[in-house]
Amino acid sequence: MNINVKYRNIIFVFLMAFSMSFFVSFILVSVNWGYNNTFLPTWLKIWSQAFICAFFGAYFFPKVIQKIMRKINFIEKPLKTGNDF
């Protein structure tokens, strides 16, 4: 499959949002409602809503977080030895 490189980010965001919302919604519906005759319709409804939220979150949050991370100065401290206590 050949896809233009300009779509790489949006496809990555789509796949991450799809897989994470699929997995998390499945686990949460399983834990909270159990497996009964309403499991599938309930899970599909919640998953579709979760996917929309996850897609926009996965698209916009990294940009905001990267701006915040650029303002933080990270330093490496040497490892403490036994005499530092």
Side-chain angles (χ1 to χ4, degrees):
M1 178 184 327
N2 295 326
I3 298 175
N4 192 318
V5 71
K6 71 180 181 179
Y7 299 114
R8 181 179 180 171
N9 187 42
I10 197 76
I11 292 171
F12 178 80
V13 167
F14 177 86
L15 293 173
M16 284 299 296
F18 184 90
S19 60
M20 291 300 294
S21 63
F22 183 93
F23 177 71
V24 171
S25 65
F26 182 84
I27 298 300
L28 291 177
V29 171
S30 299
V31 168
N32 290 314
W33 284 284
Y35 299 104
N36 55 32
N37 59 349
T38 62
F39 174 79
L40 188 61
T42 302
W43 173 58
L44 290 174
K45 179 181 178 188
I46 290 174
W47 174 64
S48 64
Q49 295 167 352
F51 172 73
I52 293 168
C53 295
F55 180 81
F56 287 109
Y59 186 77
F60 291 110
F61 288 159
K63 294 175 183 181
V64 173
I65 293 169
Q66 285 175 350
K67 287 181 182 179
I68 294 169
M69 293 295 289
R70 284 188 207 113
K71 295 179 181 181
I72 300 172
N73 293 322
F74 292 96
I75 59 170
E76 260 189 70
K77 289 186 177 181
L79 294 175
K80 291 185 177 185
T81 61
N83 299 332
D84 291 342
F85 293 106

Closest heavy-atom contact between [X] and [Y]?
X	Y	value
Ser21	Ser25	O-OG, 2.6 Å
Thr38	Thr42	O-OG1, 2.7 Å
Trp43	Phe22	CH2-CE1, 3.3 Å
Gly57	Pro62	O-CD, 3.6 Å

**Q.** Partner residues of Ser30 under the side chain to side chain donor-acceptor pair (under 3.5 Å) criterion, sequence neighbours left out
**A.** Tyr35
(Q) Any non-hydrogen side-chain atom of Met69 less than 4.5 Å from a side-chain atom of Ile72? (A) yes
Does [X] belong to the same Ile/Leu/Val/Met/Phe/Trp/Tyr cluster as [Y], with side-chain heavy atoms less than 4.5 Å apart forming each link?
X	Y	answer
Phe51	Ile27	yes
Phe61	Met20	no
Val13	Val5	no
Tyr59	Ile68	no
Val31	Ile46	yes

(Q) Listing request: all side-chain hydrogen bond (donor to acceptor under 3.5 Å, both in side chains) pairs with a residue in residues 1-20, at least two apart in sequence or in separate chains. (A)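 As it turns out, there is no side-chain hydrogen bond (donor to acceptor under 3.5 Å, both in side chains) pair with a partner in residues 1-20 once direct neighbours are skipped.
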Q.
Once rounded to the nearest 0.5 Å, what's the spacing between atom CE of Met1 and atom CD1 of Ile11?
A. 8.0 Å
Q | Nearest-0.5 Å distance, CD1 of residue Ile10 to CG of residue Leu15 | A |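 If we round to the nearest 0.5 Å, Ile10:CD1 and Leu15:CG are 10.5 Å apart.
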Q: Taking the six-membered ring for Trp and the full ring for Phe, Tyr or His, determine whether the centres of Trp33 and Phe39 are under 6.0 Å apart.
A: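 No, too far apart.
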Q) For the ring pair Trp47 and Phe18, is the centre-to-centre distance below 6.0 Å? A)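 They qualify: ring centres under 6.0 Å apart.
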